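Report on the structure given below.
By convention in this document, chain letters (A, B, ...) are assigned in the order of the sequence lines, proteins followed by strands, and residues within each chain are numbered from 1. Computed from a prediction, not measured in an experiment: that's the story for all the values here. Worth knowing before you read on, the calculation uses all heavy atoms, side chains too, and leaves out hydrogens, waters and symmetry mates.
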Amino acid sequence: MARIPSFFSNLCFRQNPKYLPAFTPQIRNRNLSLDQFNGNSEELAQHPQNANETFAQDRIFRLNETSRLSEELMQNPQNPDEKFTQNQISSVSEIAKEISKFIRTQPRWEQTLLRDFPTLNFADPVVYNAVLKQQESNVFLSLRFYLWLRSLGGVSFDPVLCNVMFSRLVEAKAAYAAKSFLHDTRFEPEPQYLELYVRCLCENGLIDEALGVFERLKMIGYYASLDTWNLALSHCVRTSRVDAVWRLYGEMMECGIVTNVDTIGHLIRAFCLENNVAKGYELLQQVLEAGHVPDKTVFNKLISALWKNGNFGTVSAVLHNMIAKNRPPDIYTYQEIIHRLCKGRMRNEGLRIFDELKNRGYFPDRVMYTTMIRGLCRNKDLGDARKLWFEMIQNGIIPNEYTYNAFIDGLWRSGHFDEAEKLHKEMVDRGYGDTTVSYNTMINGLCLNGKVEEAQALFEEMNEKGVVRDSITYSSLIKGFCLQGKITEALHFFIELRKQGFRPSTATLTTLIEKLCEAGQVKEAETLWLDMQKSGLEPAFRSLDPIISGLSKQEQFAEALEWLGCMINNGVRPKKTTLERLIEHLSLADRSDDALYVLGYTLRWALFSSKAVAIRWWINFAERIPIT
DNA sequence: GTAGGGTTAG
C-alpha cells in the first residue's frame, strides 16, 4: 500500500484509524478503459438495489463523458486546452463538482471514492485539477485529496500543481501543513510563494523556519519585499526574539534593502526588549530628526521600557515628542502610565492622572478601569475601587474576567468576604468562572482569610471541571495551610507541586522552612533547603535564619555555626534576632568562645552600619556573656 | 483599514 504522509494521517485519521483507505486491485490499474466502464455500468443497471438509481445512471453518463475527454487529453498532451470545446470543459467541471460534493459529504470518501467512481481516471491532470479547483474554499480537503492521489502511487505531479497547492496552503495561513507539504513533496516552490510562506510562518510564530526560508530566498537571489521583511521583524519583536531581529536586519543590510520608518520602529522595540533603552531612545531621536515619525506602538513601548528603568525624565521627553510630532498619547499610552504608576506605589498619582483624563473628556475603557481598580485595591483603597466599579458599569462597560478578578482579589485582601463571594457568584453566572486565574484568585483569597478548607474544596473542583492548576494554585494553598499552622497539609501540597513538575517560588520555600522550624522540625527544614539547592532551585539564603534559630534552640551549635558561615560567605546578613538567639543560647550553654566569635561578627557588621546600634548591642550582649 | 494594552503568589 502506498505510504500516507504522517502529518496527513494525523490530520484526517487521528480519531479513527479504521478510516485508512483500503485499496482494491482495480485501483492499481488506473487507466481504466471505456469497455471496463461500460461493463460496470451494465452491472449497475442489472442490480438496481442502488437507492438512487436514476442519479447513478445520470452520473455514469457524465463519468463516461469525462473519461473520454481525459483520454483525448492524454493523447494530445502538448496543448490540451485547445482540444476542448467550452462544452467539454464544462462537463469536466461538472464531474469535478460531483466529486467535490462527494468528498465534502462523505467522511470516509478515501475508502469509497474509487468504488463509486470506478472508471474515472483520477490521475488525469484535467480531472484532478478540476477537483482541486472546486475545493478552493476548503484548503485542507484539497490537501487531503491531493495526498490521497499521491498515495495511489504512480501519479506524477507537475510543479505547477504543487505550486498551486502550496500557494493555497500559505494563503490559508496553514503554516504547519505548508511546512509538511514542502517536506513531503520536496519540490522547489516559486520564489513568490516562498515569500508568502515566510509571511505565513511568521504569522504562526515559526520564526526560525522563516529565517531558514529567507536564507533559501537569498541563495536563489530573490529579494523579498520590504513589507515582508518588516512583517518578519514585527513578529520577531512580538515574540521577543531579539536575536532574530538582529539577524534579519543584518541580512537586510547585506541584501541592500532600503529600510523605512517601520523597520526602524521594530529596531527601537528590539532595543527596548533587550533593555538597551538608551540606544532605543537615540534611534528615535535620529529618525525624528530625519523627519519620520514611527508608529504609536513604538513610542508606547519606549515609554514602558524607560519607566522600567526609572528614566522618568526621558519618559516625559518622549511624551513631549509625541505631542510635537502629532502623535498625541492615546489610551494605550495613558494606560501604560497608569499601570506603571500603580505598580510602583505611586497609585495616588495614577488616580490623579486617571481623573484628569476623565476631566479632559477621555472615556476610559475597560482595561483602564481594570488597571485603576486593581491599583486602588492593592492600595487597600477599597472605597475608591468600589466607586470606580459602579461608575464603570454606569458608563455601560460590563466587567470581564480581568475586571472581576482584580476587584474580587481586592475584596479578599481587605477581608470583605461576603462581597467577594457574591461577586464571584456573579462572575460564574456570566461564564467567567472556569479559568485558572479565577480559581486562583478565590483560592488565594480564601487562604488569606483562614478559609483554607473551602479553598481546598475549590482545588478539588478544578479537577472535576477540568480547569488546569498551575504553580500559583499550589503556592496559594501551601501558604494558606502554613498560615493555619497545618504543616503536614502544606507539605502534602508542596510534594504535589513538585510531582506536577512546577518550580516552587522562593517565597513558598521560605514560608515552608520557617513553619517547619517553628514546629521544631529543623532537620526536615534543613533537608528541604539542601534538596532544593541540589535540584537547582536556589532557595533563599534568607530562609537560613529560621534554621539557625531553630538549631540554636536545640543547642546544635556546630550546625548552626556552619549555616551561619554559609550565610555570611554568600554575602547575606543574618537577622538581628537570629544572631541574638544564637549568642544567647551559646552563652547559656557555656560556649563563650563561640559566643564571642558570633558577637565579633555582629559588632563588626553593626559598627559598619551604625555606631550607636553597635554600642547598644555590645552593652546588651556583654552583660549576658559569662567571663571566665 | 487594524492591532497594540490589563488578571492570580512573592
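- Rounded to whole Å, atom P of dG5(B) lies 14 Å from atom CD1 of Ile331(A).
- Partners of Cys342(A) by side chain to side chain contact (heavy atoms under 4.5 Å, CB included), not counting sequence neighbours, listed by chain and number: Ile338(A), Arg347(A), Met372(A).
- Regarding Arg238(A), its CZ atom lies at a distance of 10 Å from the C1' atom of dT2(B), rounded to whole Å.
- Within a heavy-atom distance below 4.0 Å of DNA chain B, the residues of residues 400-408 of chain A found are Asn400(A), Glu401(A), Tyr402(A), Thr403(A), Asn405(A).
- Taking every side-chain heavy atom of Arg366(A) into account, dG6(B) is the closest of dG6(B), dG5(B), dT8(B).
- If you take CG of Leu341(A) and C1' of dG5(B), they are 15 Å apart, rounded to a whole angstrom.
- Counted by atom type alone, Thr508(A) and Thr511(A) present zero donor-acceptor pairs between their side chains at under 3.5 Å.
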Please report, to 0.1 Å, the donor-acceptor pairs under 3.5 Å made by any side chain of residues 285-295 of chain A, with sequence neighbours excluded.
residue, atom, partner, partner atom, Å
Gln285(A), NE2, Tyr281(A), OH, 3.1
Asp295(A), OD2, Thr297(A), N, 3.0
Asp295(A), OD2, Thr297(A), OG1, 2.5

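- Residues satisfying the side chain to side chain contact (heavy atoms under 4.5 Å, CB included) criterion with Pro546(A), sequence neighbours excluded, are Ile513(A), Glu514(A), Cys517(A).
- Nearest to the side-chain atoms of His339(A) among the listed nucleotides dT8(B), dA3(B), dT7(B) stands dT7(B).
- Every residue two or more places apart in sequence or in another chain that forms a side chain to side chain contact (heavy atoms under 4.5 Å, CB included) with Lys425(A) is listed here: Asp429(A).
- Residue Thr441(A) has its side chain nearest to dT8(B) when only dG10(B), dT8(B), dG4(B) are considered.
- For His492(A), the side chain to side chain contact (heavy atoms under 4.5 Å, CB included) partners two or more places apart in sequence, or in a different chain, are Glu496(A).
- Between the CD1 atom of Ile268(A) and the P atom of dG4(B) there is a distance of 20 Å, rounded to whole Å.
- Taking the ring axis of Phe459(A) as reference, the NZ or CZ atom of Arg469(A) stays within 45° of it and closer than 6.0 Å to the ring centre.
- Between Tyr332(A) atom OH and dT2(B) atom P the separation is 12 Å, expressed in whole Å.
- A heavy atom closer than 4.0 Å to some atom of DNA chain B occurs in Thr370(A), Arg374(A), Arg378(A), these being the qualifying members of residues 368-384 of chain A.
- Nucleotide dG4(B) holds its P atom 20 Å from the CD1 atom of Ile337(A), rounded to whole Å.
- Among residues at least two apart or in separate chains, salt bridge (charged side-chain N to carboxylate O under 4.0 Å, His left out) pairs with a member in residues 223-233 of chain A are Arg199(A)-Asp227(A).
- The base of dG5(B) lies close enough to the side chain of Asp365(A) for a donor and an acceptor atom to sit less than 3.5 Å apart.
- One can place CG of Leu411(A) at 18 Å from P of dT7(B), the figure rounded to the nearest angstrom.
- Counting only heavy atoms from C-beta on, Ala507(A) has its side chain closest to dG10(B) among dG4(B), dG10(B), dG6(B).
- At whole-Å resolution of the value, NE2 in His266(A) and P in dA3(B) are 16 Å apart.
- Every pair passing side chain to side chain donor-acceptor pair (under 3.5 Å) that includes a residue from residues 445-455 of chain A is listed here, sequence neighbours excluded: Glu453(A)-Lys486(A).
- Using a distance-only test at 3.5 Å, with no hydrogens or angles considered, no donor-acceptor pair links the side chain of Asp381(A) to the main chain of Cys377(A).
- Within 4.0 Å (heavy atoms only), Gln335(A) reaches at least one base atom of the nucleic acid.
- Among the nucleotides dT8(B), dG4(B), dG10(B), the one closest to any side-chain atom of Asp295(A) is dG4(B).
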